[in-house]
Amino acid sequence: MSDPQSQITEQSQLTRIVTANRRTDVVMAGIGILVLAAATIMLAGVMIDLVSSGWARLGHADFYTNFPSRHPEKAGILSSMVGTSLVMLVTAVIAIPLGVAAGLYLEEYAAKNWLTDLIEINVSNLAGVPSIIYGLLALGLFVYGLDLGETVLTAGLTLALLILPVIIVATREAVRGIPSDLREAAYGLGADKWQAVRMYVLPAARPGILTGVIVGLARAIGEAAPVITIGALTFIAFLPPAPVQSEWPFINFEWLNSPFTVMPIQLFNWVSRPQAAFHVNAAATGVVLMGMTLAMNALAIFIRLRLRRVPR
Amino acid sequence: MNDAIRTESDAFDPAQTAEAPAAHVLPLRAEVRGLNFWYGEVQALNAVDLPVPDCKVTSLIGPSGCGKSTLLRCFNRMHDLYPGNRYGGEILLYPEQRNLIELDPGLVRLRIGMVFQKPNPFPKSIYENVVAGLRVRGIQNKSVLELRVEQALRGAALWDEVKDRLHDSAYSLSGGQQQRLCIARALAPHPELLLLDEPTSALDPIATARIEDLLTELRDTVTIVIVTHNMQQAARISDFTAYMHLGRLVEYGLTEEVFTAPKQQMTNDYITGRFG
(Lines give C-alpha, C1' and ligand atoms only; values in the text may rest on other atoms or scores of the structure.)
Protein backbone atom coordinates (compact mmCIF):
# COMPACT_ATOMS: atom_id res chain seq x y z
CA MET A 1 0.00 0.00 0.00
CA SER A 2 2.71 2.44 1.00
CA ASP A 3 4.72 1.49 -2.06
CA PRO A 4 4.30 4.47 -4.45
CA GLN A 5 4.40 2.16 -7.47
CA SER A 6 1.40 0.12 -6.27
CA GLN A 7 -0.52 3.30 -5.39
CA ILE A 8 -0.15 4.50 -8.96
CA THR A 9 -1.41 1.17 -10.31
CA GLU A 10 -4.35 1.33 -7.93
CA GLN A 11 -5.20 4.84 -9.06
CA SER A 12 -5.07 3.89 -12.71
CA GLN A 13 -7.38 0.98 -11.93
CA LEU A 14 -9.86 3.34 -10.29
CA THR A 15 -9.66 5.65 -13.28
CA ARG A 16 -10.45 2.71 -15.54
CA ILE A 17 -13.51 1.80 -13.44
CA VAL A 18 -14.75 5.40 -13.57
CA THR A 19 -14.25 5.56 -17.34
CA ALA A 20 -16.11 2.30 -17.80
CA ASN A 21 -18.96 3.55 -15.64
CA ARG A 22 -19.18 6.74 -17.62
CA ARG A 23 -19.26 4.76 -20.87
CA THR A 24 -22.16 2.65 -19.56
CA ASP A 25 -24.04 5.84 -18.67
CA VAL A 26 -23.56 7.25 -22.17
CA VAL A 27 -24.70 4.00 -23.81
CA MET A 28 -27.81 3.75 -21.62
CA ALA A 29 -28.70 7.41 -22.19
CA GLY A 30 -28.25 6.86 -25.94
CA ILE A 31 -30.61 3.85 -25.95
CA GLY A 32 -33.11 5.85 -23.93
CA ILE A 33 -33.05 8.75 -26.37
CA LEU A 34 -33.48 6.36 -29.31
CA VAL A 35 -36.51 4.66 -27.78
CA LEU A 36 -38.05 7.98 -26.80
CA ALA A 37 -37.41 9.39 -30.28
CA ALA A 38 -39.04 6.36 -31.93
CA ALA A 39 -42.16 6.78 -29.79
CA THR A 40 -42.32 10.53 -30.29
CA ILE A 41 -41.78 10.31 -34.06
CA MET A 42 -44.54 7.74 -34.42
CA LEU A 43 -46.96 9.83 -32.37
CA ALA A 44 -46.00 12.99 -34.21
CA GLY A 45 -46.38 11.07 -37.50
CA VAL A 46 -49.94 10.10 -36.64
CA MET A 47 -50.75 13.66 -35.61
CA ILE A 48 -49.21 15.21 -38.72
CA ASP A 49 -50.89 12.67 -40.99
CA LEU A 50 -54.29 13.32 -39.37
CA VAL A 51 -53.93 17.09 -39.43
CA SER A 52 -52.74 17.18 -43.03
CA SER A 53 -55.47 14.80 -44.24
CA GLY A 54 -58.15 16.62 -42.35
CA TRP A 55 -56.82 20.11 -42.97
CA ALA A 56 -59.32 20.88 -45.76
CA ARG A 57 -62.25 20.49 -43.34
CA LEU A 58 -60.58 21.57 -40.08
CA GLY A 59 -60.34 25.15 -41.29
CA HIS A 60 -64.05 25.45 -42.06
CA ALA A 61 -66.28 26.81 -39.34
CA ASP A 62 -69.28 24.88 -40.69
CA PHE A 63 -67.50 21.60 -39.93
CA TYR A 64 -68.11 22.37 -36.27
CA THR A 65 -71.63 23.78 -36.65
CA ASN A 66 -73.18 21.42 -39.21
CA PHE A 67 -74.96 18.13 -38.72
CA PRO A 68 -73.76 15.09 -40.68
CA SER A 69 -74.84 15.09 -44.30
CA ARG A 70 -74.83 13.04 -47.50
CA HIS A 71 -72.58 15.70 -48.97
CA PRO A 72 -69.11 15.40 -47.48
CA GLU A 73 -68.35 19.09 -47.96
CA LYS A 74 -71.41 20.03 -45.90
CA ALA A 75 -71.11 17.32 -43.26
CA GLY A 76 -70.14 18.47 -39.77
CA ILE A 77 -69.58 17.07 -36.29
CA LEU A 78 -71.97 19.23 -34.29
CA SER A 79 -74.23 16.42 -33.12
CA SER A 80 -71.38 14.03 -32.31
CA MET A 81 -69.39 16.71 -30.51
CA VAL A 82 -72.40 17.60 -28.36
CA GLY A 83 -73.13 13.88 -27.91
CA THR A 84 -69.59 13.16 -26.75
CA SER A 85 -69.62 16.10 -24.34
CA LEU A 86 -72.94 15.07 -22.79
CA VAL A 87 -71.99 11.40 -22.53
CA MET A 88 -68.68 12.32 -20.93
CA LEU A 89 -70.50 14.56 -18.47
CA VAL A 90 -72.76 11.70 -17.40
CA THR A 91 -69.78 9.33 -17.24
CA ALA A 92 -67.75 11.70 -15.08
CA VAL A 93 -70.63 12.54 -12.73
CA ILE A 94 -71.30 8.85 -12.12
CA ALA A 95 -67.86 7.26 -12.28
CA ILE A 96 -65.77 9.77 -10.29
CA PRO A 97 -67.74 9.86 -7.02
CA LEU A 98 -68.49 6.13 -7.15
CA GLY A 99 -64.93 5.15 -8.01
CA VAL A 100 -63.28 7.42 -5.47
CA ALA A 101 -65.71 6.36 -2.75
CA ALA A 102 -65.22 2.68 -3.54
CA GLY A 103 -61.44 3.04 -3.56
CA LEU A 104 -61.48 4.95 -0.27
CA TYR A 105 -63.75 2.39 1.33
CA LEU A 106 -61.60 -0.55 0.24
CA GLU A 107 -58.39 1.08 1.43
CA GLU A 108 -59.41 2.97 4.56
CA TYR A 109 -62.53 1.35 5.95
CA ALA A 110 -62.84 -2.25 4.81
CA ALA A 111 -61.35 -4.97 6.99
CA LYS A 112 -58.27 -6.53 5.42
CA ASN A 113 -59.21 -10.15 4.80
CA TRP A 114 -59.55 -12.69 1.99
CA LEU A 115 -62.79 -11.12 0.82
CA THR A 116 -61.25 -7.68 0.25
CA ASP A 117 -58.25 -9.36 -1.40
CA LEU A 118 -60.64 -11.16 -3.72
CA ILE A 119 -62.48 -7.93 -4.49
CA GLU A 120 -59.20 -6.15 -5.18
CA ILE A 121 -58.04 -8.83 -7.62
CA ASN A 122 -61.38 -8.73 -9.39
CA VAL A 123 -61.45 -4.96 -9.65
CA SER A 124 -57.97 -4.99 -11.17
CA ASN A 125 -59.08 -7.68 -13.62
CA LEU A 126 -62.17 -5.70 -14.57
CA ALA A 127 -59.91 -2.85 -15.65
CA GLY A 128 -58.58 -5.17 -18.35
CA VAL A 129 -61.89 -6.55 -19.66
CA PRO A 130 -62.44 -5.66 -23.36
CA SER A 131 -64.78 -2.72 -23.71
CA ILE A 132 -67.19 -4.55 -26.00
CA ILE A 133 -68.02 -6.89 -23.11
CA TYR A 134 -69.19 -3.85 -21.17
CA GLY A 135 -71.27 -2.96 -24.23
CA LEU A 136 -72.95 -6.37 -24.14
CA LEU A 137 -73.59 -6.08 -20.40
CA ALA A 138 -75.08 -2.62 -20.88
CA LEU A 139 -77.25 -3.79 -23.77
CA GLY A 140 -78.76 -6.50 -21.58
CA LEU A 141 -78.92 -4.50 -18.35
CA PHE A 142 -79.60 -0.87 -19.24
CA VAL A 143 -81.26 -1.08 -22.66
CA TYR A 144 -83.45 -4.17 -22.18
CA GLY A 145 -83.40 -4.84 -18.43
CA LEU A 146 -84.00 -1.30 -17.15
CA ASP A 147 -85.56 -0.18 -20.43
CA LEU A 148 -83.49 3.01 -20.64
CA GLY A 149 -83.30 2.84 -24.42
CA GLU A 150 -80.44 3.92 -26.67
CA THR A 151 -79.90 7.20 -24.90
CA VAL A 152 -77.23 9.54 -23.57
CA LEU A 153 -77.92 8.16 -20.09
CA THR A 154 -77.33 4.57 -21.18
CA ALA A 155 -74.07 5.49 -22.90
CA GLY A 156 -72.91 7.49 -19.88
CA LEU A 157 -73.71 4.61 -17.54
CA THR A 158 -71.94 2.13 -19.81
CA LEU A 159 -68.76 4.17 -20.08
CA ALA A 160 -68.90 4.90 -16.33
CA LEU A 161 -68.96 1.14 -15.72
CA LEU A 162 -66.01 0.77 -18.07
CA ILE A 163 -63.78 3.26 -16.30
CA LEU A 164 -64.92 2.59 -12.73
CA PRO A 165 -62.21 -0.05 -12.12
CA VAL A 166 -59.53 2.31 -13.42
CA ILE A 167 -60.61 5.03 -10.97
CA ILE A 168 -60.97 2.58 -8.06
CA VAL A 169 -57.50 1.15 -8.61
CA ALA A 170 -55.94 4.63 -9.00
CA THR A 171 -57.67 5.86 -5.82
CA ARG A 172 -56.49 2.84 -3.85
CA GLU A 173 -52.93 3.28 -5.04
CA ALA A 174 -52.96 6.99 -4.26
CA VAL A 175 -54.42 6.48 -0.78
CA ARG A 176 -52.06 3.60 -0.05
CA GLY A 177 -49.12 5.79 -1.03
CA ILE A 178 -49.78 8.24 1.78
CA PRO A 179 -47.16 7.76 4.49
CA SER A 180 -48.56 6.26 7.69
CA ASP A 181 -47.01 9.02 9.81
CA LEU A 182 -49.41 11.52 8.23
CA ARG A 183 -52.30 9.26 9.14
CA GLU A 184 -50.98 8.76 12.69
CA ALA A 185 -50.64 12.53 13.06
CA ALA A 186 -54.31 12.97 12.19
CA TYR A 187 -55.55 10.16 14.43
CA GLY A 188 -53.18 11.31 17.18
CA LEU A 189 -55.10 14.59 17.34
CA GLY A 190 -58.28 12.67 18.00
CA ALA A 191 -59.64 12.79 14.47
CA ASP A 192 -62.21 10.15 13.61
CA LYS A 193 -61.89 8.18 10.40
CA TRP A 194 -63.94 10.49 8.26
CA GLN A 195 -62.15 13.60 9.56
CA ALA A 196 -58.76 12.02 8.91
CA VAL A 197 -59.83 10.97 5.41
CA ARG A 198 -61.51 14.22 4.46
CA MET A 199 -59.01 16.65 5.93
CA TYR A 200 -55.71 14.88 5.37
CA VAL A 201 -55.81 11.63 3.39
CA LEU A 202 -57.97 12.77 0.50
CA PRO A 203 -56.15 16.08 -0.14
CA ALA A 204 -52.79 14.32 -0.07
CA ALA A 205 -54.04 11.62 -2.44
CA ARG A 206 -55.72 14.06 -4.85
CA PRO A 207 -52.96 14.24 -7.49
CA GLY A 208 -52.89 10.44 -7.84
CA ILE A 209 -56.68 10.18 -7.93
CA LEU A 210 -56.84 12.92 -10.56
CA THR A 211 -54.39 11.06 -12.77
CA GLY A 212 -56.57 7.96 -12.57
CA VAL A 213 -59.69 9.96 -13.38
CA ILE A 214 -58.09 11.47 -16.46
CA VAL A 215 -56.71 8.15 -17.71
CA GLY A 216 -60.21 6.73 -17.30
CA LEU A 217 -62.03 9.60 -19.01
CA ALA A 218 -59.48 9.65 -21.85
CA ARG A 219 -60.21 5.97 -22.38
CA ALA A 220 -63.96 6.54 -22.32
CA ILE A 221 -63.90 9.42 -24.80
CA GLY A 222 -62.29 7.28 -27.49
CA GLU A 223 -64.50 4.20 -27.09
CA ALA A 224 -66.74 3.27 -30.03
CA ALA A 225 -67.36 -0.45 -29.49
CA PRO A 226 -69.52 -0.41 -26.33
CA VAL A 227 -71.47 2.61 -27.57
CA ILE A 228 -72.23 0.90 -30.89
CA THR A 229 -73.25 -2.23 -28.99
CA ILE A 230 -75.89 -0.40 -27.00
CA GLY A 231 -77.29 0.98 -30.25
CA ALA A 232 -76.07 4.53 -30.68
CA LEU A 233 -77.22 5.99 -33.98
CA THR A 234 -74.71 6.91 -36.62
CA PHE A 235 -76.72 9.64 -38.27
CA ILE A 236 -78.16 12.29 -35.95
CA ALA A 237 -79.38 15.53 -37.47
CA PHE A 238 -80.74 17.14 -34.34
CA LEU A 239 -79.46 18.15 -30.92
CA PRO A 240 -80.67 16.82 -27.57
CA PRO A 241 -82.89 19.25 -25.63
CA ALA A 242 -80.80 21.95 -23.95
CA PRO A 243 -79.97 21.26 -20.29
CA VAL A 244 -80.86 24.85 -19.36
CA GLN A 245 -84.09 26.66 -20.24
CA SER A 246 -85.51 30.11 -19.70
CA GLU A 247 -88.60 29.09 -17.72
CA TRP A 248 -88.70 27.49 -14.26
CA PRO A 249 -86.99 25.24 -13.05
CA PHE A 250 -84.37 26.46 -15.56
CA ILE A 251 -82.73 23.10 -15.75
CA ASN A 252 -83.98 20.02 -17.49
CA PHE A 253 -82.83 16.49 -17.82
CA GLU A 254 -84.69 15.61 -21.04
CA TRP A 255 -81.34 15.36 -22.80
CA LEU A 256 -80.54 12.25 -20.78
CA ASN A 257 -83.27 10.40 -22.69
CA SER A 258 -82.25 11.69 -26.08
CA PRO A 259 -80.76 9.57 -28.86
CA PHE A 260 -77.21 10.54 -29.61
CA THR A 261 -74.01 9.78 -31.45
CA VAL A 262 -70.43 10.23 -30.33
CA MET A 263 -67.32 11.24 -32.23
CA PRO A 264 -65.62 7.83 -32.46
CA ILE A 265 -68.80 6.47 -34.09
CA GLN A 266 -69.00 9.43 -36.46
CA LEU A 267 -65.36 8.89 -37.32
CA PHE A 268 -65.87 5.18 -37.92
CA ASN A 269 -68.91 5.90 -40.04
CA TRP A 270 -67.10 8.32 -42.29
CA VAL A 271 -63.94 6.29 -42.64
CA SER A 272 -65.98 3.30 -43.84
CA ARG A 273 -67.56 5.29 -46.69
CA PRO A 274 -66.13 4.67 -50.17
CA GLN A 275 -65.88 8.38 -51.07
CA ALA A 276 -62.45 9.87 -50.34
CA ALA A 277 -64.02 13.22 -49.38
CA PHE A 278 -65.56 11.58 -46.28
CA HIS A 279 -62.11 10.36 -45.25
CA VAL A 280 -61.07 14.00 -44.94
CA ASN A 281 -63.95 14.49 -42.51
CA ALA A 282 -62.87 11.40 -40.59
CA ALA A 283 -59.31 12.68 -40.24
CA ALA A 284 -60.57 16.07 -39.10
CA THR A 285 -62.81 14.36 -36.51
CA GLY A 286 -59.78 12.43 -35.30
CA VAL A 287 -57.89 15.67 -34.77
CA VAL A 288 -60.78 17.19 -32.77
CA LEU A 289 -61.06 14.01 -30.67
CA MET A 290 -57.35 14.09 -29.87
CA GLY A 291 -57.64 17.78 -29.13
CA MET A 292 -60.38 17.07 -26.59
CA THR A 293 -58.29 14.35 -24.93
CA LEU A 294 -55.26 16.64 -24.75
CA ALA A 295 -57.43 19.43 -23.36
CA MET A 296 -58.61 17.10 -20.60
CA ASN A 297 -55.01 16.18 -19.79
CA ALA A 298 -54.04 19.84 -19.77
CA LEU A 299 -56.87 20.55 -17.34
CA ALA A 300 -55.64 17.77 -15.07
CA ILE A 301 -52.09 19.12 -15.14
CA PHE A 302 -53.40 22.60 -14.42
CA ILE A 303 -55.43 21.39 -11.43
CA ARG A 304 -52.49 19.37 -10.13
CA LEU A 305 -50.14 22.36 -10.37
CA ARG A 306 -52.66 24.57 -8.61
CA LEU A 307 -53.03 22.03 -5.82
CA ARG A 308 -49.29 21.83 -5.47
CA ARG A 309 -48.82 25.59 -5.32
CA VAL A 310 -50.95 25.71 -2.20
CA PRO A 311 -48.89 24.30 0.70
CA ARG A 312 -46.96 21.22 -0.09
CA MET B 1 -39.63 -13.33 21.87
CA ASN B 2 -42.03 -14.68 24.45
CA ASP B 3 -39.49 -17.08 25.82
CA ALA B 4 -36.89 -14.39 25.93
CA ILE B 5 -39.14 -12.24 28.06
CA ARG B 6 -39.88 -15.07 30.45
CA THR B 7 -36.25 -16.03 30.84
CA GLU B 8 -35.33 -12.46 31.45
CA SER B 9 -37.99 -12.09 34.10
CA ASP B 10 -36.14 -14.52 36.31
CA ALA B 11 -33.12 -12.28 36.31
CA PHE B 12 -34.76 -9.69 38.48
CA ASP B 13 -37.58 -9.56 40.97
CA PRO B 14 -40.54 -7.60 39.59
CA ALA B 15 -41.73 -6.91 43.14
CA GLN B 16 -38.90 -4.56 43.88
CA THR B 17 -39.19 -2.69 40.57
CA ALA B 18 -41.42 0.34 40.16
CA GLU B 19 -40.67 1.41 43.70
CA ALA B 20 -40.96 5.16 43.61
CA PRO B 21 -41.33 6.74 47.01
CA ALA B 22 -41.59 10.24 45.58
CA ALA B 23 -44.29 9.35 43.10
CA HIS B 24 -46.62 8.10 45.79
CA VAL B 25 -47.01 11.47 47.39
CA LEU B 26 -47.34 13.40 44.12
CA PRO B 27 -50.70 13.83 42.43
CA LEU B 28 -50.89 11.54 39.42
CA ARG B 29 -52.05 12.22 35.89
CA ALA B 30 -52.09 8.59 34.83
CA GLU B 31 -51.07 5.24 36.16
CA VAL B 32 -50.13 2.08 34.30
CA ARG B 33 -51.08 -1.09 36.16
CA GLY B 34 -50.11 -4.57 35.07
CA LEU B 35 -50.11 -3.63 31.41
CA ASN B 36 -49.55 -6.37 28.86
CA PHE B 37 -49.45 -5.83 25.13
CA TRP B 38 -49.27 -8.19 22.18
CA TYR B 39 -48.39 -7.55 18.54
CA GLY B 40 -50.30 -10.53 17.22
CA GLU B 41 -48.71 -13.49 19.00
CA VAL B 42 -45.65 -11.56 20.16
CA GLN B 43 -45.84 -10.16 23.66
CA ALA B 44 -44.16 -6.77 23.68
CA LEU B 45 -45.09 -5.55 27.16
CA ASN B 46 -45.20 -7.71 30.25
CA ALA B 47 -46.91 -6.59 33.45
CA VAL B 48 -45.74 -2.99 33.32
CA ASP B 49 -46.50 -0.72 36.28
CA LEU B 50 -45.73 2.97 35.97
CA PRO B 51 -47.07 6.05 37.75
CA VAL B 52 -47.17 9.27 35.72
CA PRO B 53 -47.04 12.25 38.14
CA ASP B 54 -48.97 15.35 37.18
CA CYS B 55 -47.03 18.23 35.60
CA LYS B 56 -43.74 16.32 35.62
CA VAL B 57 -41.58 14.89 32.88
CA THR B 58 -41.36 11.12 32.94
CA SER B 59 -38.84 9.58 30.58
CA LEU B 60 -38.73 6.02 29.31
CA ILE B 61 -35.29 4.72 28.47
CA GLY B 62 -33.91 1.36 27.45
CA PRO B 63 -32.22 -0.46 24.59
CA SER B 64 -33.85 -0.76 21.17
CA GLY B 65 -36.81 -3.10 21.17
CA CYS B 66 -37.33 -2.88 24.94
CA GLY B 67 -40.94 -1.76 24.48
CA LYS B 68 -40.61 1.90 25.47
CA SER B 69 -42.25 3.20 22.28
CA THR B 70 -44.84 0.43 22.46
CA LEU B 71 -45.72 1.53 26.00
CA LEU B 72 -45.93 5.18 24.95
CA ARG B 73 -48.21 4.37 22.03
CA CYS B 74 -50.53 2.47 24.39
CA PHE B 75 -51.29 5.75 26.13
CA ASN B 76 -53.14 7.19 23.15
CA ARG B 77 -54.20 3.87 21.66
CA MET B 78 -52.13 4.25 18.49
CA HIS B 79 -51.93 0.45 18.31
CA ASP B 80 -55.66 0.35 17.57
CA LEU B 81 -54.91 1.66 14.06
CA TYR B 82 -53.35 -1.64 13.07
CA PRO B 83 -55.03 -5.03 13.13
CA GLY B 84 -53.94 -7.86 15.41
CA ASN B 85 -52.79 -5.82 18.40
CA ARG B 86 -54.10 -6.66 21.87
CA TYR B 87 -53.94 -4.99 25.28
CA GLY B 88 -54.27 -6.43 28.76
CA GLY B 89 -54.22 -4.66 32.13
CA GLU B 90 -55.01 -1.02 32.70
CA ILE B 91 -53.84 2.53 32.21
CA LEU B 92 -55.83 4.68 34.61
CA LEU B 93 -56.46 8.23 33.62
CA TYR B 94 -56.67 10.64 36.55
CA PRO B 95 -58.56 12.29 38.16
CA GLU B 96 -61.50 10.00 37.43
CA GLN B 97 -59.35 6.85 37.30
CA ARG B 98 -60.98 5.38 34.22
CA ASN B 99 -59.08 2.67 32.38
CA LEU B 100 -58.32 4.27 29.03
CA ILE B 101 -57.98 0.86 27.40
CA GLU B 102 -61.71 0.46 27.81
CA LEU B 103 -62.53 3.96 26.54
CA ASP B 104 -63.16 4.89 22.92
CA PRO B 105 -59.74 5.42 21.26
CA GLY B 106 -60.94 8.66 19.67
CA LEU B 107 -61.91 10.04 23.08
CA VAL B 108 -58.54 9.03 24.53
CA ARG B 109 -56.69 10.79 21.70
CA LEU B 110 -58.74 13.94 22.21
CA ARG B 111 -57.37 14.08 25.77
CA ILE B 112 -53.81 12.93 25.13
CA GLY B 113 -51.55 14.60 22.55
CA MET B 114 -48.64 12.96 20.78
CA VAL B 115 -45.46 14.05 19.01
CA PHE B 116 -43.76 11.51 16.80
CA GLN B 117 -40.19 10.52 16.09
CA LYS B 118 -40.07 12.10 12.65
CA PRO B 119 -41.59 15.56 12.27
CA ASN B 120 -44.88 14.88 10.48
CA PRO B 121 -46.62 18.18 9.72
CA PHE B 122 -49.59 18.03 7.37
CA PRO B 123 -49.00 19.29 3.82
CA LYS B 124 -50.84 22.49 4.72
CA SER B 125 -49.97 25.92 6.03
CA ILE B 126 -48.33 26.49 9.42
CA TYR B 127 -51.60 27.97 10.68
CA GLU B 128 -53.69 25.02 9.48
CA ASN B 129 -51.28 22.62 11.15
CA VAL B 130 -51.64 24.28 14.53
CA VAL B 131 -55.44 24.48 14.35
CA ALA B 132 -55.81 20.89 13.08
CA GLY B 133 -56.64 19.53 16.53
CA LEU B 134 -59.12 22.36 17.13
CA ARG B 135 -60.84 21.76 13.80
CA VAL B 136 -61.19 18.11 14.75
CA ARG B 137 -63.05 19.35 17.85
CA GLY B 138 -65.33 21.45 15.68
CA ILE B 139 -63.97 24.83 16.81
CA GLN B 140 -64.70 27.27 13.98
CA ASN B 141 -64.58 30.69 15.63
CA LYS B 142 -61.80 32.60 13.91
CA SER B 143 -60.74 34.75 16.83
CA VAL B 144 -60.57 31.71 19.11
CA LEU B 145 -58.48 29.87 16.55
CA GLU B 146 -56.10 32.80 16.10
CA LEU B 147 -55.66 33.16 19.84
CA ARG B 148 -54.93 29.46 20.29
CA VAL B 149 -52.48 29.48 17.37
CA GLU B 150 -50.46 32.25 18.97
CA GLN B 151 -50.62 30.57 22.38
CA ALA B 152 -49.54 27.21 21.03
CA LEU B 153 -46.76 28.61 18.85
CA ARG B 154 -45.45 30.68 21.76
CA GLY B 155 -45.69 27.59 23.94
CA ALA B 156 -43.61 25.71 21.40
CA ALA B 157 -41.08 28.59 21.13
CA LEU B 158 -41.80 28.99 17.44
CA TRP B 159 -43.95 32.13 17.37
CA ASP B 160 -41.19 34.65 16.71
CA GLU B 161 -39.86 32.63 13.80
CA VAL B 162 -43.16 32.11 12.00
CA LYS B 163 -45.52 34.91 13.06
CA ASP B 164 -45.08 36.71 9.73
CA ARG B 165 -45.61 33.65 7.57
CA LEU B 166 -48.36 31.67 9.23
CA HIS B 167 -49.89 30.90 5.87
CA ASP B 168 -46.74 29.51 4.27
CA SER B 169 -46.41 25.79 3.83
CA ALA B 170 -45.30 23.89 6.91
CA TYR B 171 -42.81 22.16 4.61
CA SER B 172 -40.92 25.44 4.20
CA LEU B 173 -39.70 25.09 7.80
CA SER B 174 -36.48 23.36 8.85
CA GLY B 175 -36.62 19.93 10.50
CA GLY B 176 -36.27 21.39 14.00
CA GLN B 177 -38.93 24.01 13.33
CA GLN B 178 -41.23 21.33 11.90
CA GLN B 179 -40.86 19.31 15.09
CA ARG B 180 -41.65 22.37 17.22
CA LEU B 181 -44.65 22.94 14.95
CA CYS B 182 -45.77 19.39 15.70
CA ILE B 183 -45.39 20.15 19.41
CA ALA B 184 -47.48 23.31 18.93
CA ARG B 185 -50.07 21.25 17.06
CA ALA B 186 -50.23 18.81 19.96
CA LEU B 187 -50.37 21.64 22.55
CA ALA B 188 -53.08 23.72 20.87
CA PRO B 189 -56.01 21.59 22.10
CA HIS B 190 -54.61 21.73 25.70
CA PRO B 191 -53.96 18.00 26.15
CA GLU B 192 -53.98 16.53 29.64
CA LEU B 193 -50.94 14.49 28.80
CA LEU B 194 -48.30 15.01 26.10
CA LEU B 195 -46.52 11.97 24.69
CA LEU B 196 -43.22 12.39 22.85
CA ASP B 197 -41.70 9.48 20.96
CA GLU B 198 -37.97 10.19 20.52
CA PRO B 199 -38.82 13.71 19.35
CA THR B 200 -35.23 14.75 18.71
CA SER B 201 -33.81 11.63 17.10
CA ALA B 202 -34.10 13.12 13.60
CA LEU B 203 -32.71 16.53 14.59
CA ASP B 204 -29.28 18.14 14.81
CA PRO B 205 -27.77 19.09 18.22
CA ILE B 206 -28.87 22.74 18.07
CA ALA B 207 -32.47 21.90 17.22
CA THR B 208 -32.36 19.20 19.90
CA ALA B 209 -31.20 21.71 22.50
CA ARG B 210 -34.07 24.04 21.61
CA ILE B 211 -36.63 21.26 21.99
CA GLU B 212 -35.11 20.25 25.33
CA ASP B 213 -35.32 23.84 26.59
CA LEU B 214 -38.90 23.93 25.43
CA LEU B 215 -39.81 20.73 27.26
CA THR B 216 -38.18 22.05 30.42
CA GLU B 217 -40.39 25.13 30.22
CA LEU B 218 -43.51 23.13 29.44
CA ARG B 219 -43.25 20.85 32.44
CA ASP B 220 -44.86 23.39 34.73
CA THR B 221 -48.08 23.30 32.77
CA VAL B 222 -48.24 19.94 30.97
CA THR B 223 -47.64 16.37 32.02
CA ILE B 224 -45.06 14.87 29.69
CA VAL B 225 -44.04 11.29 28.97
CA ILE B 226 -41.03 11.10 26.68
CA VAL B 227 -39.30 8.14 25.08
CA THR B 228 -35.66 8.74 24.39
CA HIS B 229 -32.65 6.65 23.47
CA ASN B 230 -30.42 9.50 24.57
CA MET B 231 -29.63 8.99 28.26
CA GLN B 232 -28.12 12.44 28.71
CA GLN B 233 -31.39 13.85 27.42
CA ALA B 234 -33.38 11.85 29.94
CA ALA B 235 -31.05 13.00 32.70
CA ARG B 236 -31.28 16.63 31.61
CA ILE B 237 -34.99 17.07 31.19
CA SER B 238 -36.93 14.50 33.19
CA ASP B 239 -38.06 14.37 36.78
CA PHE B 240 -38.69 10.64 36.77
CA THR B 241 -37.05 7.92 34.71
CA ALA B 242 -38.21 4.43 33.92
CA TYR B 243 -35.74 1.92 32.57
CA MET B 244 -37.24 -0.82 30.42
CA HIS B 245 -35.77 -4.04 29.13
CA LEU B 246 -37.39 -6.74 26.99
CA GLY B 247 -40.92 -5.57 27.58
CA ARG B 248 -40.56 -5.20 31.35
CA LEU B 249 -40.11 -2.19 33.53
CA VAL B 250 -36.82 -2.83 35.32
CA GLU B 251 -36.45 0.29 37.39
CA TYR B 252 -38.39 3.44 38.08
CA GLY B 253 -37.58 6.40 40.26
CA LEU B 254 -36.45 9.99 40.53
CA THR B 255 -34.17 10.73 37.61
CA GLU B 256 -31.15 11.63 39.71
CA GLU B 257 -31.52 8.45 41.75
CA VAL B 258 -31.84 6.24 38.70
CA PHE B 259 -28.79 7.82 37.13
CA THR B 260 -26.59 8.15 40.21
CA ALA B 261 -27.60 5.16 42.30
CA PRO B 262 -29.52 2.62 40.22
CA LYS B 263 -30.93 -0.23 42.27
CA GLN B 264 -30.70 -2.78 39.48
CA GLN B 265 -27.45 -4.05 38.04
CA MET B 266 -29.05 -4.06 34.58
CA THR B 267 -29.93 -0.36 34.80
CA ASN B 268 -26.42 0.38 35.94
CA ASP B 269 -24.95 -1.52 33.00
CA TYR B 270 -27.17 0.33 30.57
CA ILE B 271 -26.60 3.85 31.84
CA THR B 272 -22.88 3.33 32.11
CA GLY B 273 -22.89 2.23 28.49
CA ARG B 274 -21.98 -1.40 29.02
CA PHE B 275 -24.79 -2.46 26.69
CA GLY B 276 -27.72 -1.00 24.82
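Labels below follow one simple rule: chain letters A, B, ... track the order of the sequence lines, proteins then strands, and each chain is numbered from 1. Keep in mind it's a predicted model, so treat the numbers as computed, not measured.
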Quiz item: For chain A, which residues of residues 85-97 of chain B have at least one non-hydrogen atom nearer than 4.5 Å to it?
Solution: none
Practice problem: Considering only heavy atoms, give the residues of residues 134-141 of chain B separated from chain A by less than 4.5 Å, sorted numerically, with 'none' for an empty result. | Solution: B:R135, B:V136, B:R137
Quiz item: Is any side-chain heavy atom of B:F122 less than 4.5 Å from a side-chain heavy atom of A:P203?
Solution: no
Considering only heavy atoms, which portion of [X] lies under 4.5 Å from any heavy atom of chain A: side chain, backbone, both, or neither?
{"X": "B:L107", "result": "neither"}
{"X": "B:R185", "result": "both"}
{"X": "B:Y82", "result": "side chain"}

Quiz prompt | chain B neighbours within residues 184-195 of chain A, where any heavy atom lies under 4.5 Å away | solution = A:E184, A:A185, A:A186, A:Y187, A:G188, A:L189, A:G190, A:A191, A:Q195
Quiz item: Of all residues at least two apart in sequence or in a different chain, which pass the salt bridge (Lys or Arg N to Asp or Glu O under 4.0 Å) check with B:R165?
Solution: none
Quiz prompt | Over 12 foreign heavy atoms within 6.0 Å of CZ, B:R98 | solution = no
Quiz item: If every non-hydrogen atom of A:L182 is compared with every non-hydrogen atom of B:P121, which pair is closest and at what distance?
Solution: CD1-O, 3.8 Å
Quiz item: Under the 3.5 angstrom rule, does the side chain of B:N120 hit a backbone N or O of A:D181 as a donor-acceptor pair?
Solution: yes
